[in-house]
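Structure record follows, encoded as structure tokens.
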2 protein chains.
Amino acid sequence: MNIKEISELCGVSTCTVSRVLSGRGKEYRISDKTAERIFRIAADTGYRPNYLAHSLNTGKTNSIGVVLANRLDSYLGGIVEGIESHLRGTEYQMVVATCDNSPDIEKEEVEQMLYRHVDGMIIYPLAPPREPAEAAMKYEAPPTSDEVPLVIVGRKASVEADEVMLGDYPAGQSVAQNFMAAGCRTFAVVTRARHCSSDYGRERGFVDALREAGVEQERITIIANRETPSEEEINRLKTAEAIFGVNSFLLLEYLEWLRRTKDISRLRLSSVGEVEGSELFDLLFEPLIMPSRQLGVEAARMLLWRIENPGAPCRHTEISLLVQ
Amino acid sequence: MNIKEISELCGVSTCTVSRVLSGRGKEYRISDKTAERIFRIAADTGYRPNYLAHSLNTGKTNSIGVVLANRLDSYLGGIVEGIESHLRGTEYQMVVATCDNSPDIEKEEVEQMLYRHVDGMIIYPLAPPREPAEAAMKYEAPPTSDEVPLVIVGRKASVEADEVMLGDYPAGQSVAQNFMAAGCRTFAVVTRARHCSSDYGRERGFVDALREAGVEQERITIIANRETPSEEEINRLKTAEAIFGVNSFLLLEYLEWLRRTKDISRLRLSSVGEVEGSELFDLLFEPLIMPSRQLGVEAARMLLWRIENPGAPCRHTEISLLVQ
DNA sequence: CTGAAAGCGCTTACAG
DNA sequence: CTGAAAGCGCTTACAG
């Protein structure tokens with residue numbers, strides 16, 4: 001079934017059919033009877049316009065590319081879900097690709113998206129490389145936004161584009177405040193080596209809030225992890241009454257080691273990201289819930305806005321990430 | 001940059017360019033110099049063929065639709081990852097949609113995929129409805145495979161199509177055998193109300209293996225959960241030395257209740273699906289790892305095969321799911 | 001070995 | 001109020 005057959009069945013020309021079916025019958029002042037007949041016949045025959053031909057003509061594909069640095073864990077899954085739910089009901093559909101943390105794949109996938117003529121892209125970018133040497137050799141920023149409307153979500157990238165980020169710094173602050181309110185006197189934060197702006201923001205927020213509250217340097221332990229936990233790190237951790245993990249995986253890893261040398265059941269613990277079954281831990285563990293779905297919703301909302309407003313200056317939105 | 005401009009730059013016709021660039025220069029016996037010149041100019045100008053025009057002509061979009069019943073948790077995320085990794089390097093790209101467990105959305109998303117002219121689809125279908133009444137009213141099977149090559153993954157659907165399923169029954173058996181090998185004498189299985197074939201397969205495998213090994217009926221407790229755990233259920237569970245959960249969420253839910261009335265640290269536990277941080281539980285817990293990635297890989301492999309072999313009879317593959 | 005021409009299914013000035 | 005015609009960018013018999 002194509003537009004030509006419809007037009008023959010209706011006894012009108014293809015352009016009339018096209019105009020009516022694209023909802024612009026009124027605009028072209030096509031008579032109501034003609035319009036109705038066209039609608040009815042289209043419905044009866046189960047006509048569906050050809051997406052490819054339509055897009056070829058209009059230059060719009062109604063698809064949004066989503067490129068994600070990592071595999072789909074619950075965090076990225078949440079972002080995707082948020083994007084999808086915001087897009088549902090609009091004319092847009094989502095095309096997803098993940099990059100397995102490889103800059104080459106990221107580049108390729110972005111290319112693919114452009115090749116598919118997506119109307120816009122949402123990118124959760126790779127973390128910048130740890131080693132400067134690596135950086136010089138391999139890293140390339142995602143495409144600049146002049147090719148296509150672009151929103152960066154969840155992690156900074158070296159592109160001028162709209163951004164939707166987590167409120168990492170305030171999250172760190174709020175954890176520190178909770179710990180102090182619970183009466184803790186010595187603190188630790190466990191983080192990855194500091195190349196990732198998200199982790200670093202949380203750490204800074206945490207440490208700054210403590211300092212501002214008058215906690216002395218020697219009561220704050222900072223562990224910037226590179227590989228698996230070392231004995232020296234575990235020893236430093238022992239003195240803390242409260243530990244903040246910039247993410248839950250990392251915290252759990254340390255706890256596994258720590259519990260061998262110390263009773264951890266009275267320790268105050270907090271980290272970013274829920275842990276399923278954590279009720280069984282028997283620990284004073286308060287996870288910060290990742291608002292990943294909300295990140296996705298906001299990113300999609302912003303992208304659609306950007307598509308409508310190509311010229312406007314870049315915007316930055318922050319989604320808050322608080323205890324509870 | 002389009003094919004016409006290239007042809008003008010090369011001083012040949014558009015069809016010659018098209019033939020060379022589609023890699024069929026030899027076939028049409030186009031001279032090597034011409035071909036080389038075309039390749040060079042195309043590369044120099046950064047020419048990329050127009051995907052939409054190409055697809056409109058060939059009827060192939062090189063895209064695979066993936067429709068998932070639920071949001072992207074780590075299970076479905078794994079499937080998606082498997083599909084994607086198998087597709088990477090081929091000419092195919094993946095379009096994903098999730099359905100939030102709604103039959104209406106599922107139908108709509110499948111429509112969308114057909115509208116987008118996907119070359120094939122992989123569906124993780126909705127669970128069949130629990131109530132027969134609901135069934136009659138709302139449930140509609142995914143599209144039959146005559147519209148487009150189709151692979152059903154992870155859960156049975158009432159369609160005649162290629163399938164990639166988990167080895168649920170053998171998994172249940174292997175858990176039972178492990179429990180018996182560990183010397184347990186009384187057993188329980190916790191499952192959802194039995195509408196889901198996957199859960200039911202696991203339960204049957206478990207129970208059958210016990211029976212075959214001579215375990216009497218009264219030493220096997222079966223709890224088919226509907227809502228939150230009830231007191232009566234917890235009481236029945238107390239007698240068991242080993243508990244098998246058809247999925248880990250469910251098991252954890254019961255353990256939460258059970259631990260209030262009983263020391264669970266010597267209980268043998270097993271369930272399907274890893275739990276992050278489970279090392280901190282201090283329980284005899286052995287999860288069965290979901291081979292979700294493998295499911296995806298296999299589904300993609302099968303779909304590509306099906307695209308090449310439209311007429312062949314339906315195939316069924318089972319991915320094994322064993323302890324460790 | 002290569003090209004002119006028709007066609008994929010739709011849209012959109014332009015003309016009436 | 002409606003249609004003939006050109007065009008989107010590519011492919012592919014057909015003819016030479």
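These values consider heavy atoms only, across backbone and side chains, with no hydrogens, waters or symmetry-generated copies. All chains are named by letter (A, B, ...) in the order of the sequence lines, taking the proteins before the strands, and each is independently numbered beginning at 1. These numbers were taken from a predicted model, which means no experiment stands behind them.
Comparing atom distances between the A:Leu56 side chain and each of D:dC8, C:dG3, D:dT2 picks out D:dC8 as nearest. Of the candidates D:dC10, D:dC1, D:dG3, D:dG3 carries the atom nearest the A:Ser13 side chain, counting heavy atoms from C-beta on. Candidate nucleotides C:dG9, C:dG3, C:dT12 were compared by shortest atom distance to the side chain of A:Ser18, and C:dT12 ranks first. With D:dA4, D:dT11, D:dG9 as the choices, the nucleotide that has an atom nearest any side-chain atom of B:Thr58 turns out to be D:dT11. Here the side chain of B:Asn50 is nearest to one of C:dT2, D:dC10, D:dT12, namely D:dC10. Checking C:dC10, D:dA4, C:dG3 against the side-chain heavy atoms of B:Cys15 singles out C:dG3 as nearest. You'll find that the side chain of A:Asn57 is closest to C:dT11, out of C:dC8, D:dC10, C:dT11. Of the candidates C:dC10, D:dC10, D:dG3, the closest approach to any side-chain atom of B:Asn2 belongs to D:dC10.
Under 3.5 Å, the side chain of B:Arg19 and the base of C:dG3 form at least one donor-acceptor pair of N or O atoms.
Distances shorter than 4.0 Å separate none of the side-chain N or O atoms of B:Tyr47 from OP1 or OP2 on D:dG9. Distances shown here put every side-chain N or O of B:Thr14 at or beyond 4.0 Å from the OP1 or OP2 atom of D:dG9. A close approach under 4.0 Å does not occur between any side-chain nitrogen or oxygen of B:Arg24 and OP1 or OP2 of D:dT11.
Computed from coordinates, the B:Lys4 NZ to D:dG9 C1' distance equals 10 Å when rounded to whole Å. The distance from atom OH of A:Tyr51 to atom P of C:dC8 is 21 Å, rounded to the nearest whole Å. One atom, NE2 of B:His54, and another, C1' of D:dC8, lie 16 Å apart when rounded to the nearest Å. Residue B:Glu5 contributes atom CD, which lies 11 Å from atom C1' of D:dG9 at whole-angstrom precision. Rounded to a whole Å, the CD1 atom of B:Ile3 is 15 Å from the C1' atom of C:dA4. Atom OH of B:Tyr28 and atom C1' of C:dT2 are 12 Å apart (whole Å). Distance, B:Glu27 CD to D:dA13 C1': 13 Å, rounded to whole Å. Separating the NZ atom of B:Lys60 from the C1' atom of C:dG9 is a distance of 20 Å, rounded to the nearest angstrom.
Using modelled atom types, no side-chain atom of B:Asp32 and backbone atom of B:Ala35 make a donor-acceptor pair closer than 3.5 Å. Between the side chain of A:Ser55 and the backbone N or O of A:Lys60 there is at least one donor-acceptor pair closer than 3.5 Å.
Nucleic acid contact for A:Thr34: sugar-phosphate only, since backbone atoms but no base atoms lie under 4.0 Å from a heavy atom of the residue.
Residue whose closest nucleotide on DNA chain C sits further toward the 5' end, between B:Ile30 and B:Ala53: B:Ile30.
With contacts defined as side-chain heavy-atom distances shorter than 4.5 Å, the pair B:Arg37/B:Val12 qualifies.
Remark: B:Gln93 CD to B:Glu84 CD distance equals 8.5 Å, nearest 0.5 Å. Rounding to the nearest 0.5 angstrom, the gap separating the CZ atom in A:Arg155 from the CD1 atom in A:Ile123 is 12.5 Å.
Contact record, A:Tyr124 with A:Val153: CD1-O, 3.2 Å, taken as the closest heavy-atom pair.
Under the Watson-Crick and G-U wobble criteria, each requiring two contacts below 3.5 Å, nucleotide D:dA4 is left unpaired. In this structure, D:dA13 makes no Watson-Crick or G-U wobble pair, since no nucleotide meets both defining distances under 3.5 angstrom.
Separating the C1' atom of C:dG16 from that of C:dT12 is a span of 16 Å, rounded to the nearest Å.
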